[in-house]
Amino acid sequence: MPEGHSIHRLARQFSDVFVGERLTVSSPQGRFVEGAALLDGRALESARAHGKQLFLGFEGGLSLHVHLGLYGAWDFGGDSTFRGASSIGAPRRVGEQEIADGGMSDGGTDDGGEAAYAGPPPPVGAVRVRLASEHGWADLRGATVCAVATDPEVEAVLARLGPDPLATAQPSQEPGEEFARRLARRRTPICRLLMDQSVIAGIGNVYRAELLFRARLDPATPGSSLGRERALALWADAVVALGQGLRDGRIVTTDPSFWSFPAGELPLLRDAHYVYRRHGEPCRVCTRTVLLADEAGRKLYWCPGCQAL
DNA sequence: TTTGGATGTAAAC
DNA sequence: TTTACCTCCAAAC
């Protein structure tokens with residue numbers, strides 16, 4: 001699954017390419033026919049993300065609310081003027097980058113620049129929603145939530161979410177302070193609180209493990225025992241880490257000094273993480289064996305040497 | 001060809 | 001705490 005950085009990339013992509021355009025909305029798969037009909041023919045006015053939730057705001061006060069869940073993804077393409085043909089969402093391989101190419105993608109004809117755009121290609125697989133503008137298209141498949149929402153319904157979703165490290169337009173210090181307050185109230189282990197979207201929105205299993213390692217925090221540490229300083233530091237690191245993911249389209253949490261690859265390039269897959277999916281291997285820092293445990297149904301990775309209480 | 005995960009969540013027990 | 005959702009891909013038969 002796409003963690004918060006992917007959803008913010010999606011919001012940016014929709015803003016860049018589709019906001020201001022009148023869209024045709026359909027459901028080739030057939031599971032969203034009624035919702036698609038409500039939105040079909042309206043202009044897209046906004047695209048915003050909070051945590052892992054995506055809201056596409058159409059004229060007339062209706063939004064398309066999407067949560068990709070574990071395996072949802074959006075694919076984009078269009079004619080030669082379309083920017084940002086790509087695939088953003090559930091990666092098929094660990095560490096996969098979310099950009100295919102920067103320009104033309106197969107839109108029907110392929111005999112050079114003079115060919116007229118024939119519209120989106122026939123849908124491949126189970127396309128829940130297809131959005132199409134004059135020059136491009138976006139396909140959604142596999143989402144856990146795909147619904148038409150009114151403004152009050154959008155507000156209700158936002159109201160149950162904690163602060164988002166990638167949210168812009170928030171007062172600089174306040175979101176971190178809010179995160180610290182939410183941690184302070186709970187004796188639940190920090191490894192569980194980081195995955196709780198009402199405590200902090202946008203963290204998933206990769207960032208959870210990696211942020212805990214970077215903070216050298218024992219995953220079992222109760223939220224209430226972190227204290228304000230460590231909570232604010234954890235928030236600040238989340239802002240940095242997710243910010244890099246937003247920029248790169250890939251989760252890379254290791255310091256470049258750990259990359260066995262020329263400077264200036266993103267690291268090889270195996271160099272991108274400290275502990276995520278590295279159980280049984282030696283810790284990059286202390287050489288102790290990285291451990292794996294089942295934590296509330298999700299896999300938790302940590303180093304017992306670096307992350308001691 | 002079948003199986004089993006995967007960067008997730010909510011509903012059912 | 002477990003199951004169901006729902007899609008694709010890679011690894012195991």
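Since the model is a prediction, treat every value here as computed from it, not as a measurement. Chain identifiers are assigned alphabetically (A, B, ...) following the order of the sequence lines, protein sequences preceding nucleic acid strands; residue numbering begins at 1 within each chain.
- A:R208 comes within 4.0 angstrom of nothing in the nucleic acid, heavy atoms only.
- When the C1' atom of C:dT7 is taken as reference, atom CG of A:D139 falls 14 Å away, rounded to whole Å.
- Under a 3.5 Å cut-off, the side chain of A:R284 and the backbone N or O of A:H273 do form a donor-acceptor pair.
- The ring pair (Phe, Tyr, Trp, His ring centres under 6.0 Å) search around A:Y207 returns A:H5, not counting sequence neighbours.
- Atom-to-atom, CG of A:L70 to C1' of C:dC8 comes out at 11 Å; the value is rounded to the nearest Å.
- Atom CG of A:L68 is separated from atom P of C:dT7 by 13 Å (rounded to the nearest Å).
- A:R278 and A:E210 are not joined by a salt bridge, as no carboxylate oxygen comes within less than 4.0 angstrom of a charged side-chain nitrogen.
- Going from atom CD1 of A:I88 over to atom C1' of C:dT7 covers 18 Å, rounded to whole Å.
- For the pair A:E178 and A:R181, the salt-bridge criterion is met [side-chain N within less than 4.0 Å of a carboxylate O].
- Following rounding to the nearest Å, A:K52 (NZ) and B:dA10 (P) show an atom-to-atom distance of 10 Å.
- The nearest whole Å value for the distance from the CE atom in A:M195 to the C1' atom in C:dT1 is 16 Å.
- Spacing between atom CG of A:L140 and atom C1' of C:dC8 amounts to 14 Å, rounded to whole angstrom units.
- Between the CG atom of A:L194 and the C1' atom of B:dT9 there is a distance of 17 Å, given to the nearest Å.
- Side-chain contact between A:D271 and A:W259: present, with at least one pair of heavy atoms (C-beta onward) separated by less than 4.5 Å.
- With a 6.0 Å cutoff to the six-membered ring centre and a 45° limit on the axis angle, A:R12 does not count as a cation-pi contact of A:F14.
- Of the candidates B:dG8, C:dT7, B:dT9, the closest approach to any side-chain atom of A:R141 belongs to C:dT7.
- Here A:R160 lies in heavy-atom contact (under 4.0 Å) with sugar-phosphate atoms only.
- Between A:F82 and A:H135, a ring centre-to-centre spacing not shorter than 6.0 Å is recorded.
- Taking atom P in both C:dC8 and B:dA10, one finds a spacing of 23 Å when rounded to whole Å.
- Put simply, A:H67 has no side-chain N or O that comes within less than 4.0 Å of OP1 or OP2 on B:dG8.
- Distances shown here put every side-chain N or O of A:K299 at or beyond 4.0 Å from the OP1 or OP2 atom of B:dG5.
- Contacts between residues 26-39 of chain A and DNA chain C, counted as heavy-atom distances below 4.0 Å, involve A:Q29, A:R31.
- Annotation: C:dC9 and B:dT9 have their P atoms spaced 23 Å apart (nearest Å).
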